[in-house]
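Data block below; observations after.
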Amino acid sequence: MLQVNFLRQNREIAKQKLAIKHFGNPDLVDTAIEIDDERKQLQAAFDETQAKVNAASKEIGGLMAKGEQDKAAALKNEVADWKKQLDPLKIKMGEVETKLQNTLVQFPNLPHDLVPLGKTPEENVLVKEAGSKPNLHSGALPHWDLIKKYNLVDFETGAKITGSGFPLYIGKGAKFQRALVQYFLDFNIAAGYTEYIPPFMVNEASAFATGQLPDKEGQMYHATADNFYLIPTAEVPVTNIFRDVILKDSDLPIQMTAYSPCFRREAGSFGKEVRGLNRVHQFEKVEVIQLVHPDKSDEVLDEMVAHVEKLLISLGLPYRILRLCGGDMGFASAITYDFEVYSAAQAMWLEVSSVSNFQAYQTYRMKCRFKDAEGKTQFAHSLNGSSLALPRIFAAIVENYQTENGIALPEALQSYFGATHLV
RNA sequence: AGAGAGGUGUCCGAGUGGUUUAAGGAGCACGCUUGGAAAGCGUGUAUACGGCAACGUAUCGGGGGUUCGAAUCCCUUCCUCUCUGCCA
């Protein structure tokens with residue numbers, strides 16, 4: 001969420017930056033400031049009257065103690081008049097505050113200066129492409145055929161148990177998932193991240209804090225009996241560890257990693273894009289999350305990008321890094337790098353990680369602050385990235401490492417899986 | 001799931017309608033004292049919003065209510081603990 005005081009002080013800059021994100025209603029900046037002006041006026045009026053009431057009430061207490069009932073009764077009448085003014089003010093103030101809140105949550109985060117202009121994925125900027133694409137044997141198969149051939153994942157039975165997009169991993173397919181999770185977590189821990197296993201359902205307050213609510217409730221599964229939401233990513237519960245917390249300067253940076261299943265309703269399109277493991281309703285992911293000093297977040301973003309890159313290199317997959325353009329970025333992000341791996345048999349790039357700096361957008365919303373060296377309270381910056389999302393890594397490894405007789409494994413995974421070949 | 005007891009500041013803890021402007025203690029910070037330290041003494045020590053400021057307003061788990069006045073009374077909700085039940 002953007003701060004109204006920031007909009008007030010940077011009205012034109014904010015409008016220009018919102019345009020980069022293709023925000024349709026720049027005048028909403030002015031609206032927000034007007035609402036805030038009204039809120040200030042109301043509060044001034046309310047505070048003044050309330051102060052009179054408070055003072056009079058104290059006086060009544062004193063009069064009662066002295067037994068001067070008549071004077072006390074007279075004062076009570078006076079207070080009653082003020083209170084009549086107070087009630088509508090209080091109601092109005094509540095309304096205006098809600099209106100301001102509802103307005104502010106509509107603003108996406110402002111893009112970082114490095115964010116390229118553009119509206120569509122085609123306009124994302126290629127930062128780097130590395131690794132060599134494998135030369136597959138003739139008759140090489142896409143992963144949805146390979147997993148059937150080797151009985152690694154069964155979509156039909158998953159659909160029978162739950163519905164489409166809920167894969168059932170079997171035997172070596174299941175073990176491979178477990179090996180990947182373990183490898184990714186160890187890799188993150190070695191880089192200084194602390195592992196968490198968070199709740200996989202969250203309450204409304206948590207879903208609001210990281211920005212899933214109020215607008216995106218349709219994308220989450222909702223357990224209505226208890227009003228809990230199944231998490232779409234570990235980012236939600238893990239970031240919320242620090243909701244309503246004031247940290248010490250010395251606590252930063254906070255580096256966290258977590259494995260979780262992720263649940264996404266997202267009604268997708270049809271065809272190649274969503275075939276097999278390319279897009280599913282339930283998948284596994286290991287996430288890295290940091291809370292850092294605002295001065296450090298640019299630097300930390302680069303470190304996180306380098307971290308994910310190192311992980312991909314260790315898997316021997318051809319990859320590319322894209323800096324997302326304003327139109328393709330997430331709502332809450334100030335700058336995002338996407339990682340894609342090349343899935344050889346599909347001849348397609350698959351997104352496997354998204355690393356973003358949210359700056360103070362999330363932390364303001366969830367009131368995660370720290371006391372700086374001067375003892376002043378500031379909002380921390382939050383960043384996160386996938387390291388990594390499993391299904392597409394699974395797909396890419398299976399496709400890229402296939403041979404005529406089976407599927408090999410990247411060296412880094414062999415000790416985790418306990419064999420040199422998946423099958 | 002049922003019954004009961006609780007939730008107060010960084011922490012412990014007092015507080016059952018009115019100088020509570022949340023006592024007292026601990027911790028922490030700074031100062032005095034000291035050769036140095038400890039002890040002792042003094043001062044300070046939440047957050048948000050409004051205001052140039054003085055200061056004002058709100059917050060005693062959350063929300064609502066009663067009252068001139070609520071940490072205190074009422075309703076509601078969340079959480080913790082104890083017992084019972086159920087369960088991997």
Side-chain angles (χ1 to χ4, degrees), chain A residues 1-9 32-105 197-209 213-214 222-229 237 240-252 360 362-380:
Chain A
M1 197 158 74
L2 297 180
Q3 300 177 49
V4 68
N5 282 338
F6 177 88
L7 295 177
R8 191 183 284 281
Q9 285 154 22
I33 294 167
E34 280 162 27
I35 296 169
D36 193 47
D37 286 338
E38 193 186 354
R39 181 188 63 84
K40 285 185 184 191
Q41 274 180 21
L42 284 168
Q43 186 176 342
F46 179 85
D47 284 0
E48 198 187 327
T49 310
Q50 183 67 53
K52 286 199 278 188
V53 171
N54 288 349
S57 295
K58 198 174 285 178
E59 210 179 324
I60 291 170
L63 292 170
M64 303 279 273
K66 281 187 259 170
E68 302 186 49
Q69 306 290 342
D70 297 348
K71 284 186 181 172
L75 207 48
K76 276 191 198 180
N77 288 332
E78 222 171 313
V79 172
D81 286 342
W82 291 329
K83 295 254 297 182
K84 274 183 208 145
Q85 301 168 30
L86 223 45
D87 287 337
L89 271 177
K90 195 174 172 183
I91 291 163
K92 186 76 187 156
M93 208 157 70
E95 284 170 6
V96 170
E97 270 164 18
T98 306
K99 200 163 128 194
L100 181 61
Q101 175 83 356
N102 291 343
T103 306
L104 289 177
V105 296
I197 300 179
F200 299 149
M201 290 181 141
V202 296
N203 58 28
E204 259 182 352
S206 293
F208 178 84
L213 296 179
H222 188 193
T224 52
D226 296 289
N227 200 22
F228 294 152
Y229 293 88
N240 269 284
I241 295 168
F242 293 96
R243 167 154 53 89
D244 290 321
V245 168
I246 301 179
L247 295 157
K248 284 181 293 211
D249 192 59
S250 58
D251 292 333
L252 303 176
Q362 287 182 326
T363 52
Y364 174 62
R365 196 170 169 126
M366 58 174 195
K367 308 278 175 271
C368 170
R369 292 155 289 178
F370 73 100
K371 286 218 189 277
D372 65 19
E374 287 83 51
K376 281 180 65 182
T377 308
Q378 291 192 49
F379 291 98

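Naming: A, B, ... by sequence-line order, numbering from 1 per chain.
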Interatomic distance, [X] [atom1] vs [N] [atom2] [rounded to whole Å]:
{"X": "A:F46", "N": "B:A58", "atom1": "CZ", "atom2": "C1'", "value": "8 Å"}
{"X": "A:D47", "N": "B:A58", "atom1": "CG", "atom2": "C1'", "value": "8 Å"}
{"X": "A:Q41", "N": "B:G56", "atom1": "CD", "atom2": "P", "value": "23 Å"}
{"X": "A:F370", "N": "B:U10", "atom1": "CZ", "atom2": "C1'", "value": "19 Å"}
{"X": "A:I60", "N": "B:U19", "atom1": "CD1", "atom2": "P", "value": "13 Å"}
{"X": "A:Q3", "N": "B:C49", "atom1": "CD", "atom2": "P", "value": "9 Å"}
{"X": "A:D37", "N": "B:G51", "atom1": "CG", "atom2": "P", "value": "10 Å"}
{"X": "A:K248", "N": "B:G27", "atom1": "NZ", "atom2": "C1'", "value": "12 Å"}

Check every atom of [options] against the side chain of [X] and return the nucleotide holding the closest atom.
{"X": "A:A51", "options": "B:U57, B:C68, B:C49", "value": "B:U57"}
{"X": "A:Q43", "options": "B:G56, B:G51, B:C68", "value": "B:G56"}
{"X": "A:K40", "options": "B:G51, B:A48, B:C68", "value": "B:G51"}

Expected output: side-chain A:T49 to main-chain A:L86 donor-acceptor under 3.5 Å: no
Report the C-alpha distance between A:Q41 and A:D37 in whole Å, list the side-chain angles of each, state the deciding distance to 0.1 Å, and finish with yes or no for side chain to side chain donor-acceptor pair (under 3.5 Å). CA-CA 6 Å; A:Q41 274 180 21; A:D37 286 338; over 6 Å; no
Considering only heavy atoms from C-beta outward, does the side chain of A:T103 approach that of A:I35 to under 4.5 Å? yes
G-U wobble or Watson-Crick pairing nucleotide for [N] (cut-off 3.5 Å, both distances):
{"N": "B:G69", "value": "none"}
{"N": "B:A14", "value": "none"}
{"N": "B:G27", "value": "B:U45"}
{"N": "B:C83", "value": "B:G2"}
{"N": "B:G9", "value": "none"}

Roughly how far, to the nearest 0.5 Å, is the CZ atom of A:F6 from the CE atom of A:M1? 14.5 Å
For [X], answer base if it contacts any base atom (sugar-phosphate contacts may also be present), sugar-phosphate if it contacts only those atoms, and nothing otherwise; contact means non-hydrogen atoms under 4.0 Å.
{"X": "A:A56", "answer": "nothing"}
{"X": "A:L75", "answer": "nothing"}
{"X": "A:Q50", "answer": "sugar-phosphate"}

Under 4.0 Å: is that the gap between some side-chain N or O of [X] and OP1 or OP2 of [N]?
{"X": "A:S57", "N": "B:G18", "answer": "no"}
{"X": "A:R39", "N": "B:G50", "answer": "yes"}
{"X": "A:N54", "N": "B:A58", "answer": "yes"}

Tell me yes or no: between the side chains of A:N54 and A:Q50, is some donor less than 3.5 Å from an acceptor? yes
Toward the 5' end of RNA chain B, by each residue's nearest nucleotide, A:I246 or A:K83: A:I246
With nearest nucleotide decided by heavy atoms, which residue, A:K58 or A:A55, maps closer to the 5′ end of RNA chain B? A:K58
Aromatic rings A:H222 and A:Y229: how do their planes relate, parallel, tilted or perpendicular, breaks at 30° and 60°? parallel
Can you tell me how far [atom1] in [N] sits from the matching atom in [M], rounded to whole Å?
{"N": "B:G15", "M": "B:C73", "atom1": "P", "answer": "13 Å"}
{"N": "B:A71", "M": "B:U20", "atom1": "C1'", "answer": "10 Å"}
{"N": "B:A58", "M": "B:A70", "atom1": "P", "answer": "9 Å"}
{"N": "B:A22", "M": "B:G35", "atom1": "P", "answer": "41 Å"}
{"N": "B:C74", "M": "B:G18", "atom1": "P", "answer": "15 Å"}
{"N": "B:U67", "M": "B:C52", "atom1": "P", "answer": "37 Å"}
{"N": "B:C78", "M": "B:G63", "atom1": "P", "answer": "15 Å"}
{"N": "B:U82", "M": "B:C75", "atom1": "P", "answer": "26 Å"}

So, A:D81 and A:K84, do they make that salt bridge, N to O below 4.0 Å? yes
